[in-house]
Amino acid sequence: MAKLKARFNVSLIDLHCHTTASDGKHSPKELVQLAKQRGLQTLAITDHDTVAGFREAQEYAAQQQLTLIPGIELSCVWRGILIHIVGLNFDPSSAAMLQAEQTQIEVREQRAVLIAERLSKRLQRQINIDAVRELAHGGQIGRPHFAQYLLEQGLVNNFASAFTKYLGAGKIGDVKTGWPDMADAVRWIVEAGGIAVMAHAHRYKMTRTKLRDCMQDFVDAGGRAIEVAYGTMDASQQQHMVELAKQYQLLGSCGSDYHGPNRFGLELGVMPSFPQDISPVWKHFSKV
Ligand code: AMP
Ligand code: MN
Ligand code: MN
Ligand code: MN
């Protein structure tokens, strides 16, 4: 831990985190309060496939003098691999963003039905999708809500094993059908006037060559930034992301990917120091 602490600090800027509008534990307002307590100056709420958290917190953040940047984390696929693209500083009421949200909400709903069907078959037990929906509290339904349901039903021993057994990559509940192509996700963000950021690229299980192909397609589609300071990434992962940023002449973004207490050991605002030789994405935001 001492070693960890040396590289990690509380940043003044966090451009990747979640609320109850998707799979986070805090309401948008609570997250703004937490950001203020931690001394953050700038926050982007980047819920999965929805801007609802930003909309809900916008007025409160202004009262609290916290700069809140419109954000989203879009689910999409590239060559069959699930990729997350963060959108920042777009117009939340633009036709392109409304279209993106509408599409993604439908995909999530249809996907949830498929996940429930598959889990029911595997577990030989009816999964009550309405109960899972309730766990999402009206927010975007996702695999973490299924994990919580399985845990509450005593079907797994802990949250993490719900993913290792049933919901993680390649498992029965990992349904990717319906997600748009990465180029479409990037295009929505660009058309909405925002900056498309490649999220946590160090976590994708790809060879370096394949990741470069993916980055090239991302740039060709209009992507302009990559996360170079993220949650608990280690020094070599950060170095790799910095290399990619330089190779594709991308801006750098930073974020914790905080989802709430006791999730992945992440904390709001906590991330490795921002690399000095990378141009920060927030320099392109008029508000910061
Ligand atoms: P979804 O957006 O429905 O595809 O669900 C993906 C979300 O599940 C991620 O954003 C994480 O919050 C969470 N997640 C993914 N993998 C794991 C894992 N192995 N353990 C716990 N949570 C996970
Ligand atoms: Mn999540
Ligand atoms: Mn993600
Ligand atoms: Mn995230």
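Whatever order the structure lists them in is the order used to number ligands and atoms, beginning at 1.
Residue His84 has no N or O atom closer than 3.5 Å to an N or O atom of ligand 1. Among the atoms of Ser75, none of the N or O lies under 3.5 angstrom from an N or O of ligand 1.
Here the closest heavy-atom approach between residue Val197 and residue Ser253 is recorded as CG1-CB, 3.7 Å.
Ligand-side atoms of ligand 1 in range of Arg108: 1 (P), 2 (O), 3 (O), range being under 4.0 angstrom from any heavy atom. In the vicinity of His259, heavy-atom distances shorter than 4.0 Å reach the ligand 1 atoms 10 (O), 12 (O). The contact set between ligand 1 and Phe159, taken as ligand atoms under 4.0 Å from a residue heavy atom, comprises 21 (C), 22 (N). Of all the atoms in ligand 1, the ones that sit under 4.0 Å from a non-hydrogen atom of His48 are 10 (O). The atoms of ligand 1 that sit less than 4.0 Å from any heavy atom of Arg263 are 12 (O).
Atom CD of Gln63 has more than 12 heavy atoms from other residues, nucleotides or ligands within 6.0 Å. The environment of CD in Glu59 is sparse: at most 12 heavy-atom neighbours from other residues, nucleotides or ligands sit within 6.0 Å. Atom CG of Asp130 has more than 12 heavy atoms from other residues, nucleotides or ligands within 6.0 Å.
Scanning the protein for heavy atoms near atom 4 (O) of ligand 1, the closest one is Arg143 NH2, 2.9 Å. Residue, atom and distance of the protein heavy atom nearest to atom 3 (O) of ligand 1 are Arg111 NH2, 2.4 Å. What sits closest to atom 11 (C) of ligand 1 on the protein, heavy atoms only, is Phe264 CZ, 3.8 Å. Of the protein's non-hydrogen atoms, the one nearest atom 17 (C) of ligand 1 is Phe163 CD2, 3.3 Å. Here the protein heavy atom with the shortest distance to atom 9 (C) of ligand 1 is Asp23 OD2, 4.0 Å.
Taking the Mn ion (ligand 2) as reference, the nearest N/O/S atom within Asp23 carries the name OD2. When the Mn ion (ligand 3) is compared with the N/O/S atoms of His84, atom ND1 turns out nearest. Among the heteroatoms counted here (N, O or S) of His48, NE2 is the one nearest to the Mn ion (ligand 2). Shortest distance from the Mn ion (ligand 3) to Glu73 is reached at OE2 (N/O/S atoms only).
Put simply, His259 gets within reach of the Mn ion (ligand 2), with an N, O or S atom under 2.8 Å from it. Coordination check, His200 versus the Mn ion (ligand 3): passed, since an N/O/S atom of the residue sits under 2.8 Å.
Connection of Met271 to Leu66 is not established within any shared hydrophobic cluster, with ILVMFWY side chains joined at heavy-atom distances below 4.5 Å, either directly or through further cluster members. Linking Ile, Leu, Val, Met, Phe, Trp and Tyr whenever their side-chain heavy atoms come within less than 4.5 Å leaves Val107 and Val113 in two separate clusters. In the hydrophobic clustering of this structure, Leu250 groups with Val242; members are Ile, Leu, Val, Met, Phe, Trp, Tyr whose side-chain heavy atoms approach within less than 4.5 Å, directly or through other members.
Salt-bridge check for Glu109 with Arg133: passed, with a basic side-chain N closer than 4.0 Å to an acidic carboxylate O.
Of the candidates Gly142, Ser161, Pro144, the one placing a heavy atom closest to atom 5 (O) of ligand 1 is Pro144.
Looking only at side-chain heavy atoms (C-beta outward), Asp184 and Arg187 come within less than 4.5 Å of each other.
Under the 30°/60° scheme for interplanar angles, the aromatic rings of His259 and His18 are found to lie parallel.
Each of Glu227, His16, Glu73 was checked for a side-chain hydrogen bond (donor to acceptor under 3.5 Å, both in side chains) with His200, and the lone residue meeting it is Glu73.
If you look at Tyr204 and Trp78, their ring centroids are not closer than 6.0 Å.
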